[in-house]
Amino acid sequence: MPTDTKRVRGPEASQSPSLFLCKPATVLPSRGPRADGRQRDQVDVRPVFVRCGLVSQAKGSAYIEAGNTKLMCCVYGPRETERKDETDMKCGRLIADMRFAPFSCRERGSWIQGSQEKDLSLMLHESLQPAVCLHKYPRSQIEVNVMVLENSGSILAHAVTCASLALADAGIEMYDLVLGCSMRQDGTSYMVDPSYVEESGCSDNQGGLTVAFLPSLNQISGLQSDGEMAEETLTAGVRTCIEGCYKLYPVIQQALSKAVRRAAPPPPES
Amino acid sequence: MLCHNKCKIVFRLEQRCATCTPNSISYVRLFSNASLASPSYLCPGDKLCSAENCIPGTGVYLRHGYVYSSLAGYVLKKNEGEKLPVISVVRETEVQLLPDVGAIVTCKVTSINPRFAKVHILYVGSTPLKDRFRGTIRKEDVRATEKDKVETYKSFRPGDIVLAKVISLGDVQSNYLLTTAENELGVVVAHSGAGAQMVPINWCEMQCPRTHSKEFRKVARVQPEYLQA
């Protein structure tokens, strides 16, 4: 029989692909306190440092630090739309873009957007869109660019917070601030605001959840989950994340007040 | 006062979440009380007051009978002689404006065409725009009389500063549609071929002070109070 040159024959005996997965260097214990001293099964978010108005060329900007995670966001707009759609005539368009700096992760990345960045940008856009009053900006586009300077866990959650702060700093009308919080379910216990090491475990019965929440309107604008999670843990996890968002709320409000005070003095009493 | 949650954050006002279930931990929300005498800094989503007590102005939105802030800024309450005060949230003294229908805009002509003139909108009213928006002045919108006999070459030239009014936001293909079909609208500043700023003679001609040559433009009759000596 003539040899079939067009097909690539697989090996005779097949093996499970999990044999070839590289095991993580450090396997975290699923009991006991977390590496940075925070508690499991409690809403223990990392203390957050927030500052608005650091980029002078952008209309609005914000910087957030949570533990070692560092993110900055710039907002430009409203500008004239480049592409014209039917929908642009009535309300504006929001363009969200999230990038990793090459030095942000353990391994050096590239400046070109990868698939993970495109996914995160889409989720960021989905979380921010309900909060911005786009009908007040017809024929315009508002650009939100987030740059991750150091990835140490729960970047999507902090990106959402940072982006909504930058939008408020830019004077874009919004229905409410959007706060993000994420958690990681590890077997039976959960950890809120996981760090990079805690996020990248790949054992069974592990799942992660990120929630984007509007605190004053009490609405959820974005929900992202991966891994394995039972239905009850998912609903309990959403409540946990909402609680984490409420913990962040006063810090964000204070940072905005400082930015407003720095930008302009109060108007004279009429 | 201290919140009764596990976290030890201090709040100004304590409020029980209206939708929290009895079994879960109560959520404490920070309410910014905007009726205080000192200037209070607001965040988007802060509840200002009930819609019965005030009329919403700029920078606020109505929801479920309450007025909420949509900007991060200061609250301004103005009593304009009506029964209810107008409440608005301002960030800076000048508000970011977008060209709206009926607004008088200052624009610069970029190119002309027998059918229309393309312009860049620079100012809306008296506030400068940070980014330029594009607009179009069609041939039939240049002046009110004898619309079909208009020649754009005799009304505008590239580089002229023109006062125009927005008639529509335009459809998918076009830019903002502007009109100069009023006495007060039209060319305000123009430079002659020699490079000097021209002086208006009548509504359709301008003269260069250096070469004394006349050029055709659709001149705006600026009100005397806006002219500087």
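In the text below, chain A, chain B and the rest are named by the order of the sequence lines, each starting its count at 1. Everything numeric in this text was worked out from a predicted model, so none of it was measured.
For B:Phe133 against A:Pro78, the heavy-atom pair with the smallest separation is CZ-O, 3.8 Å. Listed here is the closest heavy atom pair of B:Tyr61 and A:Tyr175: OH-O, 2.5 Å. Taking every heavy atom of both residues into account, A:Val260 and B:Tyr74 meet most closely at O-OH, 3.3 Å.
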A:Leu256 vs B:Tyr41, test: side-chain contact (heavy atoms from CB on, under 4.5 Å). Steps then yes/no. CA-CA 8 Å; A:Leu256 254 186; B:Tyr41 312 101; over 6 Å; no

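Looking at A:Leu214, neither its backbone nor its side chain comes within 4.5 Å of chain B, counting heavy atoms on both sides. For A:Asp169, the parts lying near chain B are the backbone and the side chain together; criterion is any non-hydrogen pair under 4.5 Å. Residue contact with chain A, scored on non-hydrogen atoms closer than 4.5 Å, involves the backbone of B:Val60 exclusively. Heavy-atom distances place the side chain of A:Ala263, and not its backbone, under 4.5 Å from chain B. Contacts of B:Arg63 with chain A are made by side-chain atoms alone, with heavy-atom separations under 4.5 Å and no backbone atom involved.
Heavy-atom pairs under 4.5 Å with chain A peak, among B:Cys43, B:Ala72, B:Pro44, at B:Pro44. Contact count versus chain B (heavy atoms, under 4.5 Å) is highest, among A:Asp44, A:Leu177, A:Val43, for A:Leu177.
B:Arg115 CZ: 12 or fewer foreign heavy atoms inside a 6.0 Å radius.
Atom CG of A:Leu167 sits about 11.5 Å away from atom CG of B:Leu71, to the nearest 0.5 Å. A distance of 8.0 Å separates NZ in A:Lys136 from OG1 in B:Thr58, rounded to the nearest 0.5 Å. One distance of note links CG of B:Leu129 with CZ of A:Arg79; it measures 13.0 Å at 0.5 Å rounding.
In this structure, A:Arg139 is positioned above the aromatic face of B:Tyr176, its NZ or CZ under 6.0 Å from the six-membered ring centre and within 45° of the axis.
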